[in-house]
2 protein chains.
Amino acid sequence: MDTLHQKLNFFSEPAFREALMEYGKLVTLKKGDVVVKEGQYVKFLPIVLSGSIRVYQQKEEREILLYYVRAQETCTMSLAAAYFNNKSSSHGIAVEDTELLIIPADRIPVWQREFLSWNRYVVQMFRSRYDELINSFQKMAFDHIPDRVWEYLTHTVTQTGNRVIAISHQQLAHELGTTRVVISRILKQLEKEKKLRLSRGAIHLS
Amino acid sequence: MDTLHQKLNFFSEPAFREALMEYGKLVTLKKGDVVVKEGQYVKFLPIVLSGSIRVYQQKEEREILLYYVRAQETCTMSLAAAYFNNKSSSHGIAVEDTELLIIPADRIPVWQREFLSWNRYVVQMFRSRYDELINSFQKMAFDHIPDRVWEYLTHTVTQTGNRVIAISHQQLAHELGTTRVVISRILKQLEKEKKLRLSRGAIHLS
DNA sequence: GGACAACGGTATCAAAAGATACAGAGGTGA
DNA sequence: TCACCTCTGTATCTTTTGATACCGTTGTCC
């Protein structure tokens, strides 16, 4: 088991790591636990140490996946909301067992000015979230669903290092913003092309 | 003609306005002038005082509109690039005559820590750009093109306060990421429904 | 006036994706 | 074992959107 101090050394400034240890509180979440709900004030900013959190918005029955917060990342939606003391406009749910360091909201503006590490970290996070979103946007706009499905699958395999993806067609449809029937159709086609094998609740890439 | 000082008083901190006046340089652009090109290093951060700049990305023949930088706003893409001394991944072009205050890139991390006004401004800008993009994303994903066209038109009318919109079908198609024929079809339909009148190069809302 | 380019109208065809419906397979718990 | 729920396969039909092609109009520049 790594110590907290070790887990934080992706921040280069020692003084800043000290501050994180002093003000941060370690929290452990079980898969499915809710981190934030829409409408709640954001009093603590989470930094993920291990595991991952799914952040999404809900508008009139529709769900929009914004991003996953993974190890060493933070949630920019929470950050912005906390900074201005606004309510959250998103939901966050742990998709697996997750360790968080939570930071009191009032530290944000202080550290923002005090620590270069933090400042760079924040700008970097905003930037990469924005880039991610542009990317999804572009795919949504220009790529056909079969391509997006295939990309999702290969991407997941490289991420997890496992050629077996445990997901139902329904969930996958949800991730890509379409319907189950469409996904089943496409997956079946991919199976015919020998690119994968289907089984109940799982997809095996070839 | 407003003085520069007056134009900057959307920043509340007087000391910060002083810094802006000291380090910033006023630049005037003509419609069509290029502000940044993809691949260029970003040495100056623009803050728009009047007019507007269109920021977009170009990927394999496709164009993605990111946002317009309008009065009192800055370009978050430039900000992030400048902060990390990266090349720009976007293009920026003045869509009308535009006044800019340009700030040397090295001021950004300094002011970030020195002035609360600036700090809040930056976070606020990141947040609203992100929200905008989520919004477009959502519309792109769930709304049909006719609805998006109509929304674009009414939105533009309220923005400009003018019921006449000077835009060609081709341009409009471009804005919404579709083709001219589709737009012509839809506009004709809206005209039949008496919601607007068409003329060459312009659309008159009823 | 004539050449030319941008703009707009419309028809036809094809592809992509969504909606709906129904059936069967697998797993679980009483 | 039976009831029940989730997951998957598949067929049919419709809607939406894109692609292409062709033509007339308008405005501009020599």
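Below, chains carry the letters A, B, ... as their sequence lines are ordered, and counting in each starts from 1. Just so it is clear, the values below take in all heavy atoms, side chains as well, and ignore hydrogens, waters and symmetry mates.
Here B:L187 lies out of heavy-atom contact (under 4.0 Å) with every strand. Contact annotation for A:L198: backbone-only contact, meaning every heavy-atom pair under 4.0 Å involves sugar-phosphate atoms and none involves a base.
Under a 3.5 Å cut-off, the side chain of A:Q112 and the backbone N or O of A:N119 do not form any donor-acceptor pair. B:R17 contributes a side-chain N or O that, together with a main-chain N or O of B:F11, makes up a donor-acceptor pair within less than 3.5 Å.
Residue B:F126 forms a ring-ring contact (aromatic ring centres under 6.0 Å, His included) with just one option from A:F126, A:Y83, A:F84, and that option is A:F126.
Between the CZ atom of A:R197 and the P atom of D:dG9 there is a distance of 14 Å, given to the nearest Å. We find that CD of B:Q189 is positioned 11 Å from P of D:dT16, with the value rounded to whole Å. For B:M140 and D:dT17, the CE to C1' distance is 13 Å, given to the nearest whole Å. A straight line from CG of A:L196 to C1' of D:dG9 spans 15 Å, rounded to a whole angstrom. Taking atom CD on B:E191 and atom C1' on C:dT10, their separation rounds to 14 Å, with Å as the unit. Rounded to an integer number of Å, the gap from A:I183 CD1 to C:dG18 C1' is 12 Å. Taking atom CG on A:D143 and atom C1' on D:dG18, their separation rounds to 16 Å, with Å as the unit. Rounded to an integer number of Å, the gap from A:H169 NE2 to C:dA17 P is 18 Å.
Between the side chain of B:R180 and the base of D:dG18, no donor-acceptor pair under 3.5 Å is found. One cannot find a donor-acceptor pair under 3.5 Å joining the base of C:dG8 and the side-chain atoms of B:R185. On a pure distance criterion of 3.5 Å, a polar donor-acceptor pair joins the side chain of B:R200 and the base of D:dT26.
Taking 4.0 angstrom as the limit, A:H144 places a side-chain polar atom (N or O) nearer than this to OP1 or OP2 of C:dA16. The shortest distance between the side-chain N/O atoms of A:S168 and the OP1/OP2 oxygens of D:dT6 is not below 4.0 Å. At the phosphate of D:dT17, neither OP1 nor OP2 sits under 4.0 Å from any side-chain N or O atom of B:T178.
In plain terms, the two heavy atoms of A:M125 and A:T74 that are nearest each other are CE-O, 3.3 Å.
Both the sub-6.0 Å distance and the 45° axial angle are satisfied by A:R54 relative to the ring of A:Y56.
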